[in-house]
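Okay, structure first, notes after.
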Amino acid sequence: MFARLLIMLYAITSYAVFLGSFVWAVGFVGNINYLTSKSIDVGGSGSVTEAILVDVLLLALFALQHSVMARPAFKRWLTRFIPKAAERSTYVLLSSLILLLLFWQWRPIPTPIWRIEGLGASVLTSIHWLGWLIVLTSTYLIDHFDLFGLKQAAFALRATDAPAQPFKTPLLYRLVRHPLMLGFLLAFWATPQMSVGHLMFAALNTAYILVGLQLEERDLVAAFGDTYRRYRRRVPMLLPRLIGGRDIPEQETEARP
Ligand SMILES: C[S@@+](CC[C@H](N)C(=O)[O-])C[C@H]1O[C@@H](n2cnc3c(N)ncnc32)[C@H](O)[C@@H]1O
């Protein structure tokens, strides 16, 4: 029982660190400096070469950790050393810590690329916030507490394993296969003031998301087979069809084998 309580404490701590990193992410990308003192365009000094080098390394570190730890083979290896119920929290904790490092050590390159004012600025800011809303909503559509490791710890308290995540296509998942990533792309790109550093952040993250989604879909096909292949044929990856589209059944749900 003590070990199970420790797992719960670990999961709650990881979730708290995630919440901190999420608030900083919103402040960082949106340059909201009353929320966070350092942000994508504020709080740095040094040469542009140093900034590019440090920023690319930070983004690469995040991409590497995130991609490697998300793979089923890595999870199987890791759970030889830690309880299965603590695996997701470990992923969440490490991802959040690396994000905090990135936001803390980021070297801004504030040279402007575009600066839009008036109505255009309001539209872009609205799209930016819509992006964050889509990110948050999508975590709940998939299963927020499973994604962030609390569900696994709660099941462990009752000495059982959390059920595997079933395949689902609720709401936004009927428009695109990856609404959560679409939300990030909107939050990263929709800004009235784009700097060189921000552009680099958005472009490298976009490249990472596109590669990461190939890996995620490979795992989803391995887990759900033809159900996912059919879904992939019917529903676009990131850009919703504006008109028409093929018939999508009300709700597809299938347990992971
Ligand atoms: C951080 S979520 C991102 C989900 C999706 N890529 C998106 O952008 O909305 C990643 C987890 O969601 C799971 N996942 C992705 N699509 C899913 C679906 N349609 N049904 C159930 N799980 C899904 C993946 O297996 C992975 O564990």
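In what follows, residues are counted from 1 in the order of the sequence shown. Just follow the structure's listing: the first ligand is 1, and inside any ligand the first atom is 1.
- Ring to ring, Phe184 and His178 are not that close: their centroids are 6.0 angstrom or more apart.
- Residue Phe167 approaches ligand 1 through these ligand atoms, each under 4.0 Å from one of its heavy atoms: 18 (C), 19 (N), 20 (N), 21 (C).
- Close N/O approach between Glu216 and ligand 1 is found [any backbone or side-chain N/O within under 3.5 Å].
- The aromatic ring centres of Tyr91 and His66 sit less than 6.0 Å apart.
- For the pair Arg71 and Phe74, the NZ or CZ position fails the cation-pi test of under 6.0 Å to the six-membered ring centre and within 45 degrees of the ring normal.
- When Lys168, His178, Glu217 are ranked by how near their heavy atoms come to atom 5 (C) of ligand 1, first place goes to His178.
- Ring orientation note: the planes of Phe224 and Phe167 are tilted relative to one another, at an angle of 30° to 60°.
- Contact between Ala70 and ligand 1 is absent, with no heavy atom of the residue lying under 4.0 Å from the ligand.
- The Pro166 neighbourhood of ligand 1 comprises atoms 20 (N), 21 (C), with distances under 4.0 Å to a heavy atom of that residue.
- Residue contacts with ligand 1 do not include Thr169, since none of its heavy atoms lies under 4.0 Å from the ligand.
- The nearest non-hydrogen atom to atom 22 (N) of ligand 1, considering only Leu172, Asp143, Ile142, comes from Ile142.
- Put simply, CZ on Phe28 and CG on Leu99 are 9.5 Å apart, with the number rounded to the nearest 0.5 Å.
- Checked against the 6.0 Å centroid threshold, Tyr231 and Tyr173 do not count as a close aromatic pair.
- A distance below 6.0 Å separates the ring centres of Trp132 and Phe22.
- Ligand 1 places these atoms under 4.0 Å from at least one heavy atom of Leu180: 7 (C), 8 (O), 9 (O).
- Ligand 1 lies out of reach of Ser138, whose nearest heavy atom is not under 4.0 Å from it.
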Quiz prompt | salt bridge (charged side-chain N to carboxylate O under 4.0 Å, His left out) evaluation trace for Glu117 with Arg115 | solution = CA-CA 7 Å; Glu117 281 165 16; Arg115 192 186 180 93; 3.5 Å; yes

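- The proximity of Leu220 to ligand 1, defined as any non-hydrogen pair under 4.0 Å, is limited to the side chain.
- Atoms of ligand 1 found under 4.0 Å from any heavy atom of Tyr173, numbered from 1 in the order shown, are 4 (C), 5 (C), 7 (C), 9 (O).
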